[in-house]
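Residue numbers begin at 1 in each chain, while the letters A, B, ... track the order of the sequences. Just so it is clear, the values below take in all heavy atoms, side chains as well, and ignore hydrogens, waters and symmetry mates.
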Number of protein chains: 2
Amino acid sequence: MTPHARQEVILRHLRRAGSATLQEIALSTGASRRTTLRDIGSLREQGFLIHGDSGRGGGLRLDPTSMTLTARLSVTEVFALLIAVASLRAAGTLPFGSLADTGLSKIERALAPEQVRDFRSLLDCLHVGQLSPLQDLKSVGQIDPDLLASFERAFLSRCRMRFCYTDRRGETSAREVEPQALLVLPPLWYLVAWDPSRDGFRHFRTDRIAAPVAVNDLPFRRRRVPFEKDICPYAELERRARPA
Amino acid sequence: MTPHARQEVILRHLRRAGSATLQEIALSTGASRRTTLRDIGSLREQGFLIHGDSGRGGGLRLDPTSMTLTARLSVTEVFALLIAVASLRAAGTLPFGSLADTGLSKIERALAPEQVRDFRSLLDCLHVGQLSPLQDLKSVGQIDPDLLASFERAFLSRCRMRFCYTDRRGETSAREVEPQALLVLPPLWYLVAWDPSRDGFRHFRTDRIAAPVAVNDLPFRRRRVPFEKDICPYAELERRARPA
DNA sequence: AAAAAGGTGCCACAGTTTGGCACTATTCAT
DNA sequence: ATGAATAGTGCCAAACTGTGGCACCTTTTT
């Protein structure tokens, strides 16, 4: 058994049992007393608060705040969770306040330094509005399952995104744009992108996007996205829905 | 540099560059060609899809679906994220469908077998309703930041929970109950618990709970929580708010 | 055919982990 | 007081593992 696996076993054992003696733990990992003690030391160095009680009836206890799970999530999944939390916070329907914040900052703390930059820029490109459920929007389609992943890849590596778009009038065209932001106005999501062929910003309703792919060729620069009402064609909708 | 750290560097490098030759990667980690190749092998064993192209102009590519971040989250944070995702799914305001599902199953896949049981039972005890924002509920307070952690500890280790509760009439009393479920009716959360001193189920509005702690002494058995309207005093509210 | 790339097997050396031992400090029961 | 049970430390030799170099194979492009 590798040291890392052994340490996971120790954490699980401590979490489950609440308190355990060194002997018990050593038995559960199959390692010697000495090695177990070294493992405990290593875990403490990693920031786990493990309290030791000497003497008869003593043992080791894992501080409740140190009980963690290690999750390996794809970037897209973290992104999706991020949107979930941000939406809830924006909607204000759940008393999430501090919870959501600790969640985000903890995720950030768990990432490698290089990943934090990506995380931040994804967070920055995400705009969540407060559109309540609208009665006059019956025809909300399914979002292409590849959309988030494509957007995130294109956005992070600053390469163009290509897809088929069906506009309001039902006309379909092939687009190749520079993705700049994601606008969430529940229940609709919009991709905000610079369209080079039209030399201007465009909003694309994500449920009208088909077959999105990130194109690796052409790197582009980020632009300041104007979120003024005259740029966002749906700001009016949002204003209408918001309780004055 | 430890093997694990080196492998992280390799993943970052591949994720960033899209494609890289063995030489480039070896240079970035400082290890030899042979060791790098061994690291790649190890990553593949861990489930990362790394594609290799022989020949001139070839190189190694990390499959986009394998781009992961490792996050170490406390159980409570995973629980909070879980509630966030479940709420969104229940509300149906976001076209989250498949996304939310993959998110949950991926979290589950990332957990150790023993942890999956806890994850499942937390998922099972979570009931999310569809209460829309109510105009007549102005006085929603803040939820005690320790509440989720205390509930989760008490629920998982089947021990009682103690707190101060201020009821509808403003009267405060000390309670000691067996937590059975968490009922989320946005924007309100309710703790559903068996109250031994009253020999029945009680619903506690979480924003009226103060100083929650898990009491380690008395283990109890889980009960089937009746979610019929005559048990839940707020079902009426929910019915009223739901669009008929 | 040659060059450039990934991939495998082998081996000796270097470095790390491991278990045992002796030891100290603390706590509790008798 | 004494002894037993517990956490914790220092040290060392043996066992194990990771590492880098080498020769060699396969595939692809020029």
Engineer: Heavy atoms under 4.0 Å, any strand shown: does B:R6 hit a base, just sugar-phosphate, or nothing?
Structural biologist: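 Sugar-phosphate, backbone atoms only, no base.
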
Engineer: Considering residues at least two apart in sequence or located in another chain, which fulfil the side-chain hydrogen bond (donor to acceptor under 3.5 Å, both in side chains) criterion with B:T29?
Structural biologist: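 B:T29 satisfies side-chain hydrogen bond (donor to acceptor under 3.5 Å, both in side chains) with no other residue.
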
Engineer: Check the pair A:F220, A:Q180 against side chain to side chain contact (heavy atoms under 4.5 Å, CB included), reporting the backbone distance first and the verdict last.
Structural biologist: CA-CA 10 Å; A:F220 65 88; A:Q180 303 283 352; 3.7 Å; yes

Engineer: What residues form a side-chain contact (heavy atoms from CB on, under 4.5 Å) with B:A5, not counting sequence neighbours?
Structural biologist: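 B:A5: side-chain contact (heavy atoms from CB on, under 4.5 Å) contacts with B:M1, B:T2.
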
Engineer: Between A:R222 and A:F155, is there a donor-acceptor pair closer than 3.5 Å when you use the side chain of the first and the backbone of the second?
Structural biologist: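 The answer is yes, because a donor-acceptor pair under 3.5 Å joins these two groups.
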
Engineer: Which residues satisfy the ring-ring contact (aromatic ring centres under 6.0 Å, His included) test with B:F204, sequence neighbours excluded?
Structural biologist: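 Expected list: B:F163, B:Y165.
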
Engineer: Using distance only, find each side-chain donor-acceptor pair of residues 49-60 of chain A under 3.5 Å and give its atom names and separation, not counting sequence neighbours.
Structural biologist:
| unit_1 | atom_1 | unit_2 | atom_2 | d |
| --- | --- | --- | --- | --- |
| A:H51 | NE2 | A:D53 | OD1 | 3.4 |

Engineer: May I ask you to list the residues of residues 30-41 of chain A, by number, that have any heavy atom positioned under 4.0 Å from an atom of DNA chain C?
Structural biologist: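 Under 4.0 Å from DNA chain C: A:A31, A:S32, A:R34, A:T35, A:R38.
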
Engineer: In this structure, how many angstroms lie between the P atom of C:dG19 and the CD1 atom of A:I25, rounded?
Structural biologist: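 So the two atoms are 15 Å apart, to the nearest Å.
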
Engineer: For the pair A:L156 and B:R15, evaluate side chain to side chain contact (heavy atoms under 4.5 Å, CB included) and give the outcome as yes or no after the intermediate values.
Structural biologist: CA-CA 10 Å; A:L156 284 183; B:R15 198 180 136 218; 3.7 Å; yes

Engineer: Nucleotide range of DNA chain D contacted by chain A, 5' to 3', under 4.0 Å to a heavy atom?
Structural biologist: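 The protein-touched segment is D:dA4 to D:dC11.
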
Engineer: According to salt bridge (Lys or Arg N to Asp or Glu O under 4.0 Å), who are the partners of B:R198, at least two apart in sequence or on a separate chain?
Structural biologist: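 Only B:D195 meet the salt bridge (Lys or Arg N to Asp or Glu O under 4.0 Å) criterion with B:R198.
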
Engineer: Just distance, no hydrogens or angles: give the donor-acceptor pairs under 3.5 Å from side chains in residues 18-26 of chain B, sequence neighbours left out.
Structural biologist:
| unit_1 | atom_1 | unit_2 | atom_2 | d |
| --- | --- | --- | --- | --- |
| B:T21 | OG1 | B:E24 | N | 3.3 |
| B:E24 | OE1 | B:T21 | N | 3.2 |

Engineer: Pull out every protein N or O sitting under 3.5 Å from an N or O of nucleotides 25-28 of chain C, one pair per line with the distance.
Structural biologist:
| unit_1 | atom_1 | unit_2 | atom_2 | d |
| --- | --- | --- | --- | --- |
| C:dT26 | O2 | A:G55 | N | 3.4 |
| C:dT27 | O2 | A:R56 | N | 3.4 |

Engineer: Just say parallel, tilted or perpendicular for the rings of A:H4 and B:H4, cut-offs at 30° and 60°.
Structural biologist: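 A:H4 and B:H4: parallel rings.
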
Engineer: Could you tell me, to 10°, how much the axis swings from one end of the helix from C:dA1-D:dT30 to C:dT30-D:dA1 to the other, five pairs per end?
Structural biologist: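 The angle, to the nearest 10 degrees, is 30°.
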
Engineer: Any donor-acceptor pair under 3.5 Å linking the side chain of B:R175 with the backbone of B:M161?
Structural biologist: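 Not at all, since once roles are kept as given, no pair shorter than 3.5 Å links the two residues.
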
Engineer: According to salt bridge (Lys or Arg N to Asp or Glu O under 4.0 Å), who are the partners of B:R223, at least two apart in sequence or on a separate chain?
Structural biologist: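 B:R223 satisfies salt bridge (Lys or Arg N to Asp or Glu O under 4.0 Å) with B:E178 once adjacent residues are dropped.
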
Engineer: Whole-Å distance between C:dG19 P and A:L27 CG?
Structural biologist: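 Rounded to the whole Å, the gap is 13 Å.
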
Engineer: Among residues at least two apart in sequence or on other chains, which ones pass side-chain hydrogen bond (donor to acceptor under 3.5 Å, both in side chains) with B:S121?
Structural biologist: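 B:S121 satisfies side-chain hydrogen bond (donor to acceptor under 3.5 Å, both in side chains) with no other residue.
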
